[in-house]
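Below is one structure, written out as structure tokens; the observations come after it.
In what follows, every chain begins at residue 1, and chains take the letters A, B, ... in the order their sequences are listed. Hydrogens, waters and symmetry mates play no part in the numbers below; they use all other heavy atoms, side chains included. This structure is a prediction, so every number in the text was calculated from the model and none was measured.
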Number of protein chains: 2
Amino acid sequence: MAETAAKPGTSDAVAADLELAIHEHRLPPGTKLGEDEIAEAYSTSRTTIRAALQALAHRRLVELKRNRGAFVAQPSVREAREVFEARAMLEPRTARSAAERMTPESVALLQAHIDAEHAALDAGESGRALYLSGHFHIEIARIADQTTIEAFVSELVSRSSLIIALYWHRRAALCDSQAHHALMQAFIDKDGDLAEELMKNHLLDLVASLDLRNRTSIPTSLREALGR
Amino acid sequence: MAETAAKPGTSDAVAADLELAIHEHRLPPGTKLGEDEIAEAYSTSRTTIRAALQALAHRRLVELKRNRGAFVAQPSVREAREVFEARAMLEPRTARSAAERMTPESVALLQAHIDAEHAALDAGESGRALYLSGHFHIEIARIADQTTIEAFVSELVSRSSLIIALYWHRRAALCDSQAHHALMQAFIDKDGDLAEELMKNHLLDLVASLDLRNRTSIPTSLREALGR
DNA sequence: TGTAACAAAGTTGTATACAAAATTGGATGC
DNA sequence: GCATCCAATTTTGTATACAACTTTGTTACA
């Protein structure tokens, strides 16, 4: 929904495409993003790719190692906690604001999001479902008419996708479609209090579904992953 | 304080330098940032400058107009409100967290900041004082040990500097050194409740010192500025 | 005199070429 | 056989050249 289409071949378009791939877990954390390789894939020059990678680096979705190259970011346990703490500060109040400003059109938009998410799940496209699930949160910020916060939430949601890729634990589960449904009701009723409370709990549930036990910093380096 | 020094000539160094200049109001909102001009000033190529300008564009400190060039951003009234709403969501709770984690070293660091700010004011370097005053807020996030939120606050503080340049109204006034002093006492006492409350009020005072009456959108275009 | 079309200058967008750094593979010495 | 050093390869960092677009200044025409 609302796939923002930029003129193809521009750094914006490439960045959006790469971000989507990362968000849908087609590019797992740690993947090396070689400039030549990507440039060829999009049939453009490295100049364009570099701009795209820098943009993604600014959103902390890729890590730029000097003279080493770009890699899909691998948030540490600590970074994971910070991301959800930031979300806890921003999203509940934003959900309240959105609920208070909710219009029938906005409700329809969100409902379409949820439907698309279910359709993706049924089709076995779990990556796409995850992406849509994240964008549900971004859409709420947009409805709250807070573009600045929307930008922050957008970054946090994308980073959350990386965190889920690394630390997701509780398999299966009802995911969070239940939580989104409950939020929808609060939105329909324009119940700001309820929306804020539900969002707060929803984020807590998300964190609870992660395995954030300290495994001595990051699994970035092979050395640690192999324990020697 | 903590002028993060990057290897000179790199895009990071140029970006930091430009951001400082913008923050200190040496480059007022709307200033055209020609690539050739800057490249010559830093005796480097346009490639490096473009990367720096893109980084600043990500932080919304400069606006990149396609085929037109880069300009120091001119936040709209609406954007100004949004920035301070976001700060209100993030900073009070961060101040609480910082107060609870305060150490003698942190207190000394913040005090040094305030002293430097006063020294700059006495020396008539109001731009530098403004910069230091903003960094006081960033330092609090750092003490709270929240790098993710610190990054957001850093962006918001820099944007606030642009907003102040455009909409500052209440001349003179005690600025906010008073507010920072009060916060210091809360920090020394490790009084989280008080710190949160003081920060909240401090931000409200800041907004109140701005003239955010709707002058039909932005003063960006000459047409509107001239009212025809 | 005012408008419109056109031409020229300047600036940004993109690609390519070259330089520097890091990794990898092999060779040499212990 | 193992470690270390050195060379070759690959990849990124930077500069420059060219193309495309926007703006501005001029000229022709109504």
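Taking the charged nitrogens against the carboxylate oxygens, A:Arg78 and B:Asp145 do have a contact shorter than 4.0 Å, which makes a salt bridge. Between A:Glu85 and A:Arg81 there is no salt bridge, since no side-chain N of the basic residue sits under 4.0 Å from a carboxylate O of the acidic one. Contact check on A:Glu19 versus A:Arg59 returns a salt bridge, with a Lys/Arg side-chain nitrogen under 4.0 Å from an Asp/Glu carboxylate oxygen. At a threshold of 4.0 Å, the pair B:Arg46-B:Glu35 counts as salt-bridged, since one of the basic side-chain nitrogens sits closer than that to a carboxylate oxygen. A:Glu79 and A:Arg60 are not joined by a salt bridge, as no carboxylate oxygen comes within less than 4.0 angstrom of a charged side-chain nitrogen.
Considering A:Glu91, A:Gln146, A:Arg87, A:Glu139 in turn, A:Glu91 is the only one that fulfils the side-chain contact (heavy atoms from CB on, under 4.5 Å) rule with A:Val153.
Aromatic pair A:His113/A:His180: centroids not less than 6.0 angstrom apart.
The NZ-C1' distance, from B:Lys32 to C:dT11, rounds to 6 Å in whole Å. When the P atom of D:dT11 is taken as reference, atom CG of A:Leu64 falls 16 Å away, rounded to whole Å. Going from atom CD of B:Glu35 over to atom C1' of D:dT14 covers 15 Å, rounded to whole Å. Here the P atom of nucleotide C:dG10 and the CD atom of B:Glu37 are 14 Å apart, to the nearest Å. Distance CZ (B:Arg66) to P (D:dT23): 14 Å, rounded to an integer number of Å. Remark: P of D:dA20 and CG of B:Asn67 are 12 Å apart, rounded to the nearest angstrom. Atom CD in A:Glu40 sits roughly 15 Å away from atom C1' in D:dT11 (whole-Å rounding). Atom-to-atom, CG of A:Asp36 to C1' of D:dT12 comes out at 9 Å; the value is rounded to the nearest Å.
Where A:Ser43 and B:Ala70 each meet DNA chain C at their nearest nucleotide, the meeting point lying more 5' is that of B:Ala70.
Regarding contacts with the backbone of C:dA15, a side-chain N or O of A:Thr44 is found under 4.0 angstrom from either OP1 or OP2. A sub-4.0 Å separation between OP1 or OP2 of D:dC21 and a side-chain N or O of B:Arg68 is absent.
Listed by residue number, A:Arg46, A:Arg50 are the residues of residues 45-52 of chain A with a heavy-atom contact under 4.0 Å to DNA chain D.
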